[in-house]
Amino acid sequence: MDTKEHLMKHQNLFLRYIRFSVLVGCYLLAANCGSARAADVAPAQAPVEFAEPASAPAEPLCLWYRTPAESWVQALPLGSGRLGAMVFGGVDKEHLQLNEDTLYAGGPYDPTNPTALAALPQARQLIFDGKYREADRLIGQKMMAKPLRQMPYQTAGDFWLAFPPLTRVEQYRRELNLDTAISRVTYRADGVVYMREVFASPVDQVIVVRLTADKPGSISFAATMSSPQKTTVSTEVTGALVMSGVNGSAQGINGALKYQVRAQIKTRGGAVEAGSDQLSVKGADEAVILLAAATGYKSYKDVSGDPAVIVRKTLDKATSRTFAQLEKSHVTEHQRIFRRVSLDLGRTEAASQPTDARIAAYGNGQDPQLAELYFQYGRYLMLSCSRPGGQPANLQGLWNDSMSPPWDSKYTININTEMNYWPVDSCNMGECVEPLERMVLELMENGARTARVHYGAPGWVVHHNTDLWRVGAPIDGPAYGMWPMGGAWLLQNLWEHYQFTGDEKFLARIYPAMKGSAEFYLSALVEEPTHKWLVTCPSMSPENQHPFGASVCAGPTMDMEILRDLFSNCIRASEILKKDADQRPLWQSTRARLAPLQIGKQGQLQEWLEDWDAKAPEQKHRHVSHLYAMFPGAQITPRATPALAAAVDKTLETRGDLSTGWSLAWKFNLRARLGQGDHACKLLGMLLTPERTYPNMFDACPPFQIDGNFGASSAMAEMLLQSHQRADEESANAFELELLPALPKAWAEGSIKGLRARGGFEVDMAWKEGRLTRTVVRSLQGNPCKIRLGDKVIDLKTRRGNIYNLNGALQPASGSRSDRR
Ligand code: FUC
């Protein structure tokens with residue numbers, strides 16, 4: 001199948017998912033008649049003329065445009081971690097599409113299937129007998145979750161401001177400043193300069209909208225809310241607009257979440273009038289609107305919260321603060337993390353163009369600053385959608401305008417959620433891992449039932465998807481869902497966080513989940529008949545069909561790789577935490593009996609137990625699951641295992657570059673790990689095109705899926721700095737930091753500050769003509785390390801808090817000393 005056909009097939013899959021969305025879309029249109037009420041203020045009018053094009057904003061880390069957003073993927077995302085808003089920036093009406101991160105359909109439910117366990121021995125036997133289609137059929141009939149799909153993440157609704165009609169607007173500019181996390185719309189009309197600022201504060205957990213003008217009395221609008229959810233809208237004389245509702249039902253699971261969105265308007269000058277379901281502001285000098293939203297979600301098993309109480313409390317607190325105070329604490333908190341990393345790849349005239357034009361022109365190779373913007377956008381998005389106390393970033397992060405989004409915008413944990421968290425530690429945003437940690441600990445609890453009911457096993461297991469309700473039985477059909485490795489892969493993400501931070505308290509918190517996961521596999525692994533290796537069965541190499549008419553199989557390579565990491569990490573963690581010494585021999589011996597990595601006849605890394613790769617129907621399949629061992633794992637590196645690294649290269653060559661957004665981003669990381677900077681750069685170029693990047697820089701799978709954004713930020717960091725634990729070292733804390741391991745020719749000159757390395761280091765580098773000129777290593781834990789630049793390696797013994805300045809030859813930089821911080 002050629003790449004085009006492959007993409008079409010992928011899109012067909014997606015079409016199945018969107019059929020229902022179209023129906024919902026029609027409903028939305030009808031529902032938006034609610035917003036037409038706001039249009040009472042702005043009757044149907046001729047299109048507005050946008051004259052006198054605005055110039056670029058002064059801040060280089062800005063996305064900006066010369067017209068309002070017409071579609072959702074042109075609108076600009078804001079997020080407090082929990083609350084999301086997509087800002088359209090219209091001049092006749094402003095539209096904020098709203099999200100609250102616990103607003104999924106349904107309520108607590110149990111999809112485990114009691115018929116699964118009895119079918120397990122037969123399914124295994126069919127697979128070992130090579131009867132894959134029969135195994136697939138049996139698994140489909142007896143072992144899948146009930147219901148077969150999980151709960152979709154859904155929109156909270158829309159907030160609208162309708163303005164008096166305009167015919168001509170000058171100097172219109174709509175922007176998102178990544179450095180302040182504030183979006184701004186400015187324009188002049190009838191001699192008045194208007195400005196609208198919006199931000200979603202992680203501190204006050206409100207969305208703040210401020211409207212100002214340079215002439216008193218110029219601010220007039222009508223505010224309304226609407227939603228495709230079941231809602232009612234009311235007003236209060238105090239200037240509040242309240243939308244109350246319940247979430248949707250799906251797959252026979254009833255909506256059990258109450259929710260509320262409350263807007264509070266404060267004006268300077270003018271008047272506020274409350275209608276039955278809209279608020280009108282007339283002739284104000286300034287208006288500030290605070291929006292809060294909440295659901296009754298307390299945990300995956302408790303929905304007894306009172307959203308009305310929560311939003312009122314949040315707003316009472318926030319309304320007692322001035323706009324300047326709200327803005328200051330928002331910006332301070334955002335910059336506390338955002339400013340830790342800065343990248344400079346140079347700036348050309350191309351950077352003065354609007355963002356959508358730059359994406360279209362990136363292929364010309366004249367706009368290095370766009371790569372920097374894209375890198376920082378990934379960091380911005382992570383800070384906006386994954387904050388302590390909230391939910392982890394889902395398939396769309398936090399932003400979704402649908403009741404039935406693609407793949408339900410939940411957590412696909414056979415790559416997508418893991419990819420979301422790849423840049424978190426390397427790009428110095430370690431705090432953002434907390435929601436993932438909490439999700440894994442909840443999956444441990446709830447996944448114990450899946451382990452028991454489906455496998456008769458202790459410990460816990462999750463298959464290829466989960467949702468807000470932390471369910472984990474196999475869904476969608478055997479070719480997608482029959483993969484019992486999702487939880488173990490998420491644990492690898494969490495282990496990485498430990499590697500970067502050395503935070504033993506964190507390790508102690510996740511250790512029970514690591515141990516429980518290992519316990520499951522100790523029970524569920526079976527001996528395969530040919531080599532007597534221990535394997536998972538039934539399982540699959542995510543979503544890829546083997547040549548025998550099915551995906552289900554025994555011991556796919558990826559499972560073995562994940563399990564090798566899981567058992568090693570359990571051993572290391574138990575040593576660090578001084579626990580369970582008696583378990584280590586079993587973990588060790590089980591690890592040793594897993595099927596090994598194998599190189600196939602084509603010189604490729606084998607995807608399955610047997611050398612089936614060349615006969616698999618989709619040679620260019622989007623998943624590169626078995627390459628996990630090279631990235632995100634590190635069982636394969638060019639230096640330690642050159643033959644296996646060459647096999648990875650061969651597999652990548654067969655798969656080809658072109659694929660979905662996230663698949664490109666995975667290959668981008670792999671090319672960086674292979675030290676192939678120019679090829680990595682080519683993949684960046686394939687992502688930064690209108691086919692794979694929407695005007696608002698959201699990644700296009702297609703459709704929008706946020707993993708490609710996060711995967712790309714991770715890959716750019718991997719091009720500049722890699723760090724691995726050294727297998728040849730006795731000490732558990734010996735790491736090697738490799739500087740500029742995959743620097744492409746196109747980035748001949750540049751600098752980066754604040755990347756993180758495993759072992760607890762923060763690294764700055766500058767380079768010219770493709771060669772390092774200086775580096776600064778800050779030791780955060782006092783670990784020793786080696787620093788590598790090409791073939792040159794030096795030892796660095798460090799003290800916690802010390803800073804080490806080195807020149808381009810890795811010598812202590814002249815005139816510098818290792819200062820205490
Ligand atoms: C996996 C991928 C699809 C999509 C979905 C959300 O199933 O194979 O491409 O990204 O997750």
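Atoms within each ligand, like the ligands themselves, are counted from 1 in listed order. For this chain, numbers begin at 1 and follow the sequence in order. Atom set for the values below is all heavy atoms of this structure, side chains included, hydrogens, waters and symmetry mates excluded.
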Item to complete: Measure the CD-NE2 distance between Glu607 and His546 for me, rounded to the nearest 0.5 Å.
Response: 10.5 Å
Listed pairs under 3.5 Å, donor-acceptor, residues 694-703 side chains, sequence neighbours left out:
residue : atom : partner : partner atom : Å
Asn696  : OD1  : Phe698  : N            : 3.0
Asn696  : ND2  : Val73   : O            : 3.3
Asn696  : ND2  : Ala75   : O            : 2.8

Discussion item. Minimum distance, heavy atoms only, to atom 11 (O) of ligand 1: which one of Asp476, Asn416, Leu395 is it?
Written reply: Asn416
Worksheet item: Heavy atom under 4.0 Å from ligand 1: found in Trp662's side chain, backbone, both, or neither?
Response: side chain
Worksheet item: Near Arg622, which atoms of ligand 1 are under 4.0 Å from a heavy atom of that residue?
Response: 2 (C), 3 (C), 8 (O), 9 (O)
Discussion item. If we set the cut-off at 4.0 Å for heavy atoms, which region of Thr660 has an atom near ligand 1: side chain, backbone, both, or neither?
Written reply: neither
Worksheet, complete the sentence: Value for CG (Asp476) from NE2 (His463), rounded to nearest 0.5 Å, stands at 12.5 Å
Worksheet entry | Asp707, portion touching ligand 1 at heavy-atom distance under 4.0 Å | neither
Worksheet item: Considering distance alone, does some N or O of Asn414 sit under 3.5 Å from an N or O of ligand 1?
Response: no
Worksheet, complete the sentence: Contact region, His464 to ligand 1, non-hydrogen atoms below 4.0 Å, reads neither
Practice prompt. Quick one: pull up SG in Cys432 and CZ in Phe710 and give me the separation to the nearest 0.5 Å.
Written response: 8.5 Å
Worksheet item: salt bridge (charged side-chain N to carboxylate O under 4.0 Å, His left out) between Asp649 and Arg671: does it pass, once the steps are laid out?
Response: CA-CA 8 Å; Asp649 200 0; Arg671 293 293 178 185; 2.9 Å; yes
Worksheet item: Could a heavy atom of His623 be found less than 4.0 Å from some atom of ligand 1?
Response: yes
Fill in: Distance (rounded to the nearest 0.5 Å) between Leu103 CG and Met403 CE
8.0 Å
